[in-house]
K.L.:
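After the structure tokens below, expect a handful of questions from me.
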Number of protein chains: 2
Amino acid sequence: MDTKTQNRLDAKARIIKAMAHPTRLFIVETLAKHEHCVCELTALIGADVSTVSKHLSILREAGIIDDEKRGSSVYYQLKMPCVMGFFSCVDTVIKANAQGQLKCVR
Amino acid sequence: MDTKTQNRLDAKARIIKAMAHPTRLFIVETLAKHEHCVCELTALIGADVSTVSKHLSILREAGIIDDEKRGSSVYYQLKMPCVMGFFSCVDTVIKANAQGQLKCVR
DNA sequence: CTCCTATTTGGCAATATCGCCAAATCGCCA
DNA sequence: TGGCGATTTGGCGATATTGCCAAATAGGAG
């Protein structure tokens with residue numbers, strides 16, 4: 001594998017890794033509906049604010065979400081809505097796996 | 001976040017995590033062209049066979065690739081081609097990030 | 001049966017990720 | 001200016017991931 005391919009795949013993996021966490025998936029799905037501030041997301045997730053803030057910064061640095069200060073709050077919004085389409089493939093995989101499981105039992 | 005959502009997102013994250021690694025992305029992209037045995041993939045990747053084998057088993061357990069023994073080799077193939085569409089969104093994100101970088105420099 | 005090749009598994013050290021607490025910032029308002 | 005609510009950052013222990021080596025396993029050829 002040459003260096004160029006390596007770098008390309010590193011960049012790709014970094015973006016995908018940013019989404020490879022249940023809490024961050026929740027954030028993306030929630031922001032897909034409409035923007036939310038950190039305090040709202042924290043309440044929905046039920047974790048420490050600092051934890052949520054770090055998850056948000058991971059998604060922001062990956063370029064998947066965007067932040068905007070307004071008043072005393074920071075509002076986050078989904079910058080790359082195409083990731084939602086990305087997820088439908090994942091659901092397909094999950095469904096296929098479940099069907100495979102069924103076949104073994106029968 | 002209720003338990004049902006939690007479980008759903010855990011399953012989703014597990015699939016995505018399986019792809020969140022440069023070597024595993026390389027494997028998926030390579031298998032998208034056509035099937036390959038472990039030894040071929042190992043030669044292309046340039047890592048230890050055991051390392052490649054473990055990456056393959058991670059992708060297999062996620063249900064993304066399939067294996068088939070034939071002769072003395074094990075051939076792997078892409079079971080879920082929709083992940084390739086999934087990747088095009090990631091490329092879009094990378095391109096958008098690069099464009100954002102440019103704007104800062106200018 | 002024995003050797004040889006292909007692959008998987010066990011184990012280990014290095015590294016990265018996660019979630020919480022505490023502390024630092026930042027803007028706003030009295 | 002001082003305090004307050006919202007958010008981010010630093011740091012730490014716990015846990016997970018990664019890649020290599022060595023060893024186990026599986027199948028075919030002689």
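Chain naming here is simple, since letters A, B, ... match the order of the sequence lines and numbering starts at 1 in each.
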K.L.:
In this structure, how many angstroms lie between the P atom of dT7(C) and the CD1 atom of I27(B), rounded?
P.N.:
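One finds 13 Å between P of dT7(C) and CD1 of I27(B), rounded.
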
K.L.:
Taking atom P of dT7(C) as reference, at what distance in whole Å does atom CD1 of I45(B) sit?
P.N.:
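I45(B) atom CD1 is separated from dT7(C) atom P by 12 Å.
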
K.L.:
Assess whether side-chain contact (heavy atoms from CB on, under 4.5 Å) is satisfied between I45(B) and H55(B), documenting all intermediate values.
P.N.:
CA-CA 11 Å; I45(B) 291 166; H55(B) 281 304; over 6 Å; no

K.L.:
Base, sugar-phosphate, or nothing: which does K54(A) touch, judged by heavy atoms less than 4.0 Å apart?
P.N.:
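Counting heavy atoms under 4.0 Å across all strands, the contact made by K54(A) includes a base.
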
K.L.:
Using whole Å, report how far NZ of K69(B) lies from P of dT8(C).
P.N.:
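Going from K69(B) (NZ) to dT8(C) (P), I get 7 Å.
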
K.L.:
I need the CG-C1' distance between L56(A) and dC18(C), as an integer number of Å.
P.N.:
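Checked: the CG to C1' distance equals 15 Å.
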
K.L.:
Quick one: label Y75(B) by what it contacts on the DNA or RNA (base, sugar-phosphate, nothing), any heavy atom closer than 4.0 Å.
P.N.:
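Here Y75(B) touches no strand at all.
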
K.L.:
Under 4.0 Å, counting only non-hydrogen atoms across every strand here, what does S73(A) touch: a base, just sugar-phosphate, or nothing?
P.N.:
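S73(A): backbone/sugar contact only, no base atoms under 4.0 Å.
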
K.L.:
Nearest-Å distance, NE2 (H21(A)) to C1' (dT17(C))?
P.N.:
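So the two atoms are 8 Å apart, to the nearest Å.
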
K.L.:
For dA14(D), what is the paired nucleotide under Watson-Crick or G-U wobble rules, both distances under 3.5 Å?
P.N.:
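Paired with dT17(C).
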
K.L.:
Rounded off to whole Å, could you give me the CD-to-P distance for the E68(A) and dT8(D) pair?
P.N.:
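In whole Å, dT8(D) P lies 14 Å from E68(A) CD.
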
K.L.:
If you group Ile, Leu, Val, Met, Phe, Trp and Tyr by side-chain heavy-atom gaps below 4.5 Å, do I16(B) and I58(B) land in one group?
P.N.:
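No, no single cluster joins them.
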
K.L.:
Any side-chain N or O of H55(B) less than 4.0 Å from the OP1 or OP2 oxygen of dT17(D)?
P.N.:
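No.
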
K.L.:
In whole angstroms, how far is the P atom of dT9(D) from the CD1 atom of I58(A)?
P.N.:
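Checked: the CD1 to P distance equals 12 Å.
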
K.L.:
Phosphate oxygens OP1/OP2 of dG27(C): is one of them under 4.0 Å from a side-chain N or O of S72(A)?
P.N.:
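It does not, given that no N or O in the side chain of S72(A) lies less than 4.0 Å from OP1 or OP2 of dG27(C).
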
K.L.:
Reckon S53(A) has a side-chain N or O less than 4.0 Å from the OP1 or OP2 of dT7(D)?
P.N.:
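It does not, given that no N or O in the side chain of S53(A) lies less than 4.0 Å from OP1 or OP2 of dT7(D).
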
K.L.:
For the side chain of T51(B), counting heavy atoms from C-beta on, which of dT7(D), dT8(D), dG19(D) is nearest?
P.N.:
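Nearest nucleotide to the side chain: dG19(D).
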
K.L.:
I'd like to know if V28(A) and Y75(A) are part of one continuous hydrophobic network [Ile/Leu/Val/Met/Phe/Trp/Tyr, side-chain heavy atoms within less than 4.5 Å].
P.N.:
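Different clusters: Y75(A) never reaches V28(A) through Ile, Leu, Val, Met, Phe, Trp or Tyr contacts under 4.5 Å.
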
K.L.:
Whole Å only: how far is the CD1 atom of I65(B) from the C1' atom of dT7(C)?
P.N.:
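About 14 Å, once rounded to whole Å.
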
K.L.:
Toward the 5' end of DNA chain C, which comes first, V49(B) or K17(B), by nearest nucleotide?
P.N.:
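Nearer the 5' end of the strand: V49(B).
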
K.L.:
For residues R24(A) and K17(A), report the shortest heavy-atom separation together with the two atoms involved.
P.N.:
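Heavy-atom minimum between the residues: NH2-O, 3.3 Å.
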
K.L.:
Hey, are the side chains of L41(B) and L56(B) touching, using non-hydrogen atoms and a 4.5 Å cut-off?
P.N.:
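A side-chain contact under 4.5 Å exists here.
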
K.L.:
Does the dC18(C) base have a donor-acceptor partner in the side chain of T23(A) within less than 3.5 Å?
P.N.:
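Answer is no: no donor-acceptor pair is held.
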
K.L.:
Please determine if a side-chain N or O atom of R70(B) lies less than 4.0 Å away from the OP1 or OP2 oxygen of dA6(C).
P.N.:
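No.
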
K.L.:
It should be established whether Y76(A) places a side-chain nitrogen or oxygen under 4.0 Å from OP1 or OP2 of nucleotide dA6(D).
P.N.:
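Indeed not, no polar side-chain atom of Y76(A) lies that close.
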
